[in-house]
**Student:** 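Just passing along the structure, written as structure tokens.
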There are 2 protein chains.
Amino acid sequence: METSKQSVTRSLSVTDWLRENILSGALGPGERLQEVRLSEHLGVSRTPVRAALHSLAAAGLVDYAPNRGYMVRDFPIPEMIDAYEIRGALEGLAARFAAERGLTRDQETALEAALAKGDKALAEAALLGPDFMVQFRDVNVVIHDTVLEAARNRMLAEMIRISYEKPRVSNRIIVTLEIRELERRHEEHHRIYEAIMARDPVRAENIMREHVAGVKLAMVRSLRAKSAQSGQTAPA
Amino acid sequence: METSKQSVTRSLSVTDWLRENILSGALGPGERLQEVRLSEHLGVSRTPVRAALHSLAAAGLVDYAPNRGYMVRDFPIPEMIDAYEIRGALEGLAARFAAERGLTRDQETALEAALAKGDKALAEAALLGPDFMVQFRDVNVVIHDTVLEAARNRMLAEMIRISYEKPRVSNRIIVTLEIRELERRHEEHHRIYEAIMARDPVRAENIMREHVAGVKLAMVRSLRAKSAQSGQTAPA
DNA sequence: TTGTCGTTGAATGTATACAAAACAGGTTGA
DNA sequence: TCAACCTGTTTTGTATACATTCAACGACAA
């Protein structure tokens, strides 16, 4: 197995390996995932490979046809852009639930710490250098995960996780690089926190939805930049 | 196999069998799903049973713990009520996409036919008898499925399907029995269709979301009625 | 050339034997 | 009495042999 960490079972290891390779793009859309080939490549039998493929098919990362096997699913750009709308609707709902149900002491502390860390990172952006992006990414993850936890709904959490686990849609990735954008984004984090603390569900939902819409726009811009770039080298 | 229709593979048959029995409540929350027991009961080997359990775990119907197996997941009433909010958010999005992207000729025809059938069924409710509910259910399914199809987004479709495939949350079930409710519900169907035809995404989304919220309220009422009922026989 | 049909091969579907891990019970020690 | 541990049993995890299905290829006839 080429992954560093070993999961409890081989099936889970293979699942992780496949997921990572699909999300990173190492396994491209349309690529057939044949059981024997994979099992030889990974040094396990067909059984855990089959289990992993089953899981990924249910998670929507690979397509399955009876008696024909699995292939990496196609993720059209328009659908990935839509995915941000879906994320926005779901995370908006999470913010609403959080505002309705309130935060635990720990969640409140975690959010405040994350907000403060973000403020600090933005203030020191210049001297932090490459570490800055790492820190800001962590802040982002903590804030969104905590709001989701505060929503207290397993099904919602699973759906948001599914919407994350697609190429190019993770909140683990900060698309934009402009500091101005990040400042606005973090300002929104503050406002989401305030709305939840004020127990204002409607406002919490609206801000969160707008927040994700902002991320979507940044991603669309970055995609356009990329396609313009590749357009120069390969116009077809 | 006790199910009537045979799927292409045994794995799929077992998956269907398990899903149906969980959704119907024949397999209750917490019930352990042991591979050998199931395979003997269904007359197949452990392999297809394992495959089915894997799929259902990914679909969120059963819980899995490594080396400990599977059990039917718990579906707390509050989470099932939340599920309607999730459905509302997602179906609202679908209506918005449909309004943005427009209907094909076929979709338009299908919606108009379903609306007319619903009108007719409501008008003749008294003399249709038990057939009435069946017809109205069909109308409901066609309308929601067609809007979803018009949204042209596979990921959204899959998520809505997942939110349906929980006990008590299907649009295949009409909770309310009051004709007045159904008339209002169907009136909303008309308005959703109009908003989509008018290419008004915001309005389409809002109406659809309200529409699902109405279904949620009817379901909450019906749950309260049921718990009051069972409360008489078993107050604890 | 084109269409149909049968063969062939490669892939998935299934069953089953064996390995490893978790649970339950009793035993032994303090 | 209680706790820790050892051990048999049960259950899941894995490997592999065999069955089945599908798709591609080529032969043959129109």
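Throughout, a chain's letter reflects where its sequence line sits, starting with A, and its residues are numbered from 1.
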**Student:** Output a table of nitrogen or oxygen pairs between the protein and nucleotides 6-12 of chain C separated by less than 3.5 Å.
**Tutor:**
from    : atom 1 : to     : atom 2 : distance (Å)
dT12(C) : OP2    : E35(A) : N      : 3.2

**Student:** Quick one: R10(A) CZ to dT16(D) P, roughly how many Å, whole number?
**Tutor:** 10 Å
**Student:** In whole Å, I'd like the distance from the CG atom of L42(B) to the C1' atom of dT14(C).
**Tutor:**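 So the two atoms are 15 Å apart, to the nearest Å.
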**Student:** Can you list the residues that meet the side-chain hydrogen bond (donor to acceptor under 3.5 Å, both in side chains) rule with R154(B), with sequence neighbours excluded?
**Tutor:**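 For R154(B), the residues satisfying side-chain hydrogen bond (donor to acceptor under 3.5 Å, both in side chains) (neighbours in sequence not counted) are D63(A), E158(B).
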**Student:** Taking only residues two or more places apart in sequence, or in another chain, which ones meet I77(B) in a side-chain contact (heavy atoms from CB on, under 4.5 Å)?
**Tutor:** I81(B), R168(B), L223(B)
**Student:** Considering residues at least two apart in sequence or located in another chain, which fulfil the salt bridge (Lys or Arg N to Asp or Glu O under 4.0 Å) criterion with R161(B)?
**Tutor:**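 Expected list: E165(B).
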**Student:** Just jot down the salt bridge (Lys or Arg N to Asp or Glu O under 4.0 Å) partners of R50(A), sequence neighbours excluded, or say none.
**Tutor:**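 Per chain and number, R50(A) pairs via salt bridge (Lys or Arg N to Asp or Glu O under 4.0 Å) with E35(A).
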**Student:** Within the structure, does a side-chain N or O atom of T47(A) lie under 4.0 Å from either OP1 or OP2 of dT14(D)?
**Tutor:**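 No, outside the criterion.
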**Student:** Check the distance between dA22(C)'s C1' and M71(B)'s CE and give it to me in whole angstrom.
**Tutor:**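 Taking CE of M71(B) and C1' of dA22(C), I get 14 Å after rounding.
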**Student:** Could you go through the salt bridge (charged side-chain N to carboxylate O under 4.0 Å, His left out) check for R96(A) and E85(B) one step at a time?
**Tutor:** CA-CA 11 Å; R96(A) 186 176 117 203; E85(B) 298 290 343; 2.7 Å; yes
**Student:** So, is S11(A) close to the dT14(D) phosphate, meaning a side-chain N or O under 4.0 Å from OP1 or OP2?
**Tutor:**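 Yes.
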**Student:** In chain order, what residues pass the salt bridge (Lys or Arg N to Asp or Glu O under 4.0 Å) check against E40(B), with sequence neighbours excluded?
**Tutor:**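 Residues passing salt bridge (Lys or Arg N to Asp or Glu O under 4.0 Å) with E40(B): none at all.
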